[in-house]
Amino acid sequence: MLLRSLRRLVPLALTSFLATLLPAASATLTAEQARADIETLLRALQEAHPGLYRHTTQELLDRRFAALREQIAGPLEPREFVRLIAQMLAEVRCGHTRLELDAATRAALGAAAKFPLRVQLEEGRLIVLGNDSAEDRQIVPGSEVLEIDGRPTAEVVREIFARLPTDGFADSLKAAQLRRSFAHQYWLHVAPSARFAVQVRLPTGTVLEAELAGVTDAARAALANPVNDALRGQIERLEGARENVSLRFLAQPTVAHLRVRSFATGPEYAAQLAAAFREITEKKAEAVILDLRRNGGGVDLSGALLVSHFVDRPFRYFARIEQTVPVPSFATWKPASVEQARANVVPDPSGRGYLVTPAAHPGLAEQAPSAPAFLGRLIVLLDGGTFSTAADVCAALQQVRPTQFVGEESGGGRRGNTSGLNADIILPHSQLRVRIPMWGYWNAVPESPEPSRGVRPDVTVESRVADLLQGIDAPLETALRLAKGAEEQRSR
């Protein structure tokens, strides 16, 4: 229940659409079947989702749902219905509410020849990260895609973004999803094409037009287009150690770079953290750069444990966890799980549903500091892939100690999210499965003028393909300059 997994930010699952196989194949839906499935979904959301109106008023959300229902004028193909449901769920603005494809659509997506370029957003521009075409050798990483099949890329991105889940109103998580699975998103939400007419501006400034054949997932994995070699080599070098918890010292032994890729569970993770902080202490580091970029989350208490190594006094991590009902009517849990769920909550004194107890979730209790602790200069690297528990860690550090943030706005919400305990609803006609999170987490942070945003960086630095091609990790280098600058001031 406490695991908010990195699976939400890996290819295919990142988009929240591509996670599991379902038993029944999809077929064309009648308008009546489509509307019935939507009503089933809305009843489930209203019953069990504690964050349904967290970022949008009920009146506004109801109007938007009604407008989407009105789009159903006749029979819908499976992919058309997926697009409609995806847009409805995106309106909830919950990054953990997951739509899982029916078996037939998932199989079609996996086998389809899809857009062959891997891309990322840079100030609204679609920049090539990799060219997986079997034939083209002109479009190199760093090129800008201007049009796809005659449509400006800004228009394409808007259409995809309208159907991607995120926490609140930050688009950083959507940009992270686009980076990892643009081809899948394009197939699902724009057009299931097999060939693509593209207009591209090369790094030299030359604008060219080309027609590219799509590639299947299997062909993409096996392909080795040489135009990608230089960037691939630089990224591998910059990524460094692949361990979940890794530590190195940059420029001089006083600046430590601690990277945590996910918040795993178990004694091994705790031991890795303790070993890293012992080394930081032994080498008398004056500054730590904590790298949480592309950390999609994990176990709540593993996040709290990391924070506990940066403080010397007790602190609060979660303020409360809300739940609408102990057990939703559509849950298919085992009897023992039902009993546990009922025992885990008490009525909310406000009269709005229930509250999870500290006995059920230790993250609600006061957290103790851990030794060894680092109390010096702390700089955190974050981006749109900093989601769920990773965003909670950023919010907690911002509250409990002086911390400077460098990079991009976190993909997860600063004040918390809706995740944790889940209940699945299978829509009877389409066989789409929607995973509804049931715990409304509220971090122990004060109100802010922007309650529906992520943690904002103090210094904004985007990761750019042009920098990567030169072997430059611009956010990390910025953090290093800040850390060294602080040390130079102390030495004067």
* To do: Evaluate the side-chain contact (heavy atoms from CB on, under 4.5 Å) criterion for residues Leu223 and Arg220: first the C-alpha distance (whole Å), next the side-chain angles of each, then the deciding distance (0.1 Å), finally the verdict.
  => CA-CA 5 Å; Leu223 184 73; Arg220 194 186 299 269; 5.7 Å; no

* Checking side-chain contact (heavy atoms from CB on, under 4.5 Å) for the pair Glu209/Glu147: CA distance, chi angles, key distance, verdict? -> CA-CA 9 Å; Glu209 295 183 352; Glu147 293 184 358; 5.8 Å; no

* To do: Determine, stepwise, if the pair Glu47 / Thr324 fulfils side-chain contact (heavy atoms from CB on, under 4.5 Å).
  => CA-CA 7 Å; Glu47 178 185 357; Thr324 59; 5.7 Å; no

* Start with the C-alpha distance between Glu100 and Arg106, add both sets of side-chain angles, then the distance that settles salt bridge (charged side-chain N to carboxylate O under 4.0 Å, His left out), and finish with yes or no. => CA-CA 9 Å; Glu100 300 176 355; Arg106 186 176 187 272; over 6 Å; no

* Would you please test Glu59 and Arg63 for salt bridge (charged side-chain N to carboxylate O under 4.0 Å, His left out) and show each step? => CA-CA 6 Å; Glu59 180 184 5; Arg63 284 206 310 266; 3.4 Å; yes

* Start with the C-alpha gap between Glu77 and Arg79, add the side-chain angles, then the distance that decides, and say whether salt bridge (charged side-chain N to carboxylate O under 4.0 Å, His left out) holds. => CA-CA 6 Å; Glu77 294 297 322; Arg79 181 182 150 277; over 6 Å; no

* Begin from the C-alpha positions of Arg64 and Thr56 and carry the test side-chain contact (heavy atoms from CB on, under 4.5 Å) through to its verdict. => CA-CA 10 Å; Arg64 289 177 173 169; Thr56 306; 4.2 Å; yes

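Going from atom SG of Cys94 over to atom CG of Leu89 covers 9.0 Å, rounded to the nearest 0.5 Å. Here the CG-CD1 distance, from Leu432 to Ile426, works out to 10.0 Å after rounding to the nearest 0.5 Å. Atoms CZ and CG, on Arg93 and Asp167 in that order, are 11.0 Å from each other to the nearest 0.5 Å. Between Arg118 atom CZ and Asn228 atom CG the span is 5.0 Å, to the nearest 0.5 Å. One distance of note links CG of Leu84 with CG of Leu29; it measures 10.5 Å at 0.5 Å rounding. Considering CZ of Arg293 and CD of Glu239, their distance stands at 8.0 Å, rounded to 0.5 Å.
Side-chain N or O atoms of Asn443 include one that pairs as donor or acceptor with a backbone N or O of Arg414 at under 3.5 Å. Side-chain N or O atoms of Ser452 include none that pairs as donor or acceptor with a backbone N or O of His55 at under 3.5 Å. A donor-acceptor pair is defined here as one N or O able to donate and one able to accept, closer than 3.5 Å; such a pair exists between the side chain of Arg180 and the backbone of Ala176. Judged by distance alone, with hydrogens and angles left aside, the side-chain atoms of Asn131 form a donor-acceptor pair with the main-chain N or O of Ile139 at under 3.5 Å. Remark: the backbone N or O of Ser302 is paired with a side-chain donor or acceptor of Tyr269 at under 3.5 angstrom. Between the Asp132 side chain and the Leu117 main chain, no donor and acceptor come within less than 3.5 Å of each other. Of the possible polar contacts, one joining the Glu409 side chain to the Gly454 backbone as a donor-acceptor pair under 3.5 Å is found. Of the possible polar contacts, none joining the Asp348 side chain to the Val346 backbone as a donor-acceptor pair under 3.5 Å is found. Between the side chain of Arg83 and the backbone N or O of His189 there is at least one donor-acceptor pair closer than 3.5 Å. Judged by distance alone, with hydrogens and angles left aside, the side-chain atoms of Lys174 form a donor-acceptor pair with the main-chain N or O of Phe161 at under 3.5 Å.
Taking the centre of each ring, Phe387 and His96 come in below the 6.0 Å mark.
The local environment of CZ in Arg352 is sparse, with at most 12 non-hydrogen atoms from other residues, nucleotides or ligands closer than 6.0 Å. Annotation for Glu450: atom CD counts as buried by contact number, over 12 foreign heavy atoms lying within 6.0 Å.
The minimum heavy-atom distance between Pro141 and Leu231, with the atom names listed, is CB-CD2, 3.6 Å. In plain terms, the two heavy atoms of Phe65 and Met88 that are nearest each other are CE2-O, 3.3 Å. Scanning both residues, Ser143 and Leu202, for their nearest heavy atoms gives OG-CD2, 3.5 Å. Looking at every heavy atom in both residues, Thr386 comes nearest to Ser410 through O-CB, 3.6 Å. The two residues Arg54 and Arg415 have their closest heavy-atom pair at NH2-O, 3.3 Å. The minimum heavy-atom distance between Pro328 and Trp333, with the atom names listed, is CD-CH2, 3.8 Å.
Using a 4.5 Å heavy-atom threshold, the side chains of Glu322 and Leu355 count as touching. Contact of the Leu292 side chain with the Val380 side chain is registered, since non-hydrogen atoms from C-beta on lie closer than 4.5 Å. When side chains are defined from C-beta on, Arg69 counts as touching Leu42, because their heavy atoms get closer than 4.5 Å. Here the side chains of Asp37 and Pro428 are in contact, with some heavy-atom distance below 4.5 Å.
When Leu305, Leu364, Leu301, Val393 are each tested for a side-chain contact (heavy atoms from CB on, under 4.5 Å) with Tyr317, only one passes: Val393.
Aromatic ring pairs are classed by plane angle as parallel below 30°, tilted from 30° to 60° and perpendicular above 60°; the pair Tyr441 and Trp439 is perpendicular.
Residues that satisfy the side chain to side chain contact (heavy atoms under 4.5 Å, CB included) test with Gln58, not counting sequence neighbours, are Tyr53, Asp62.
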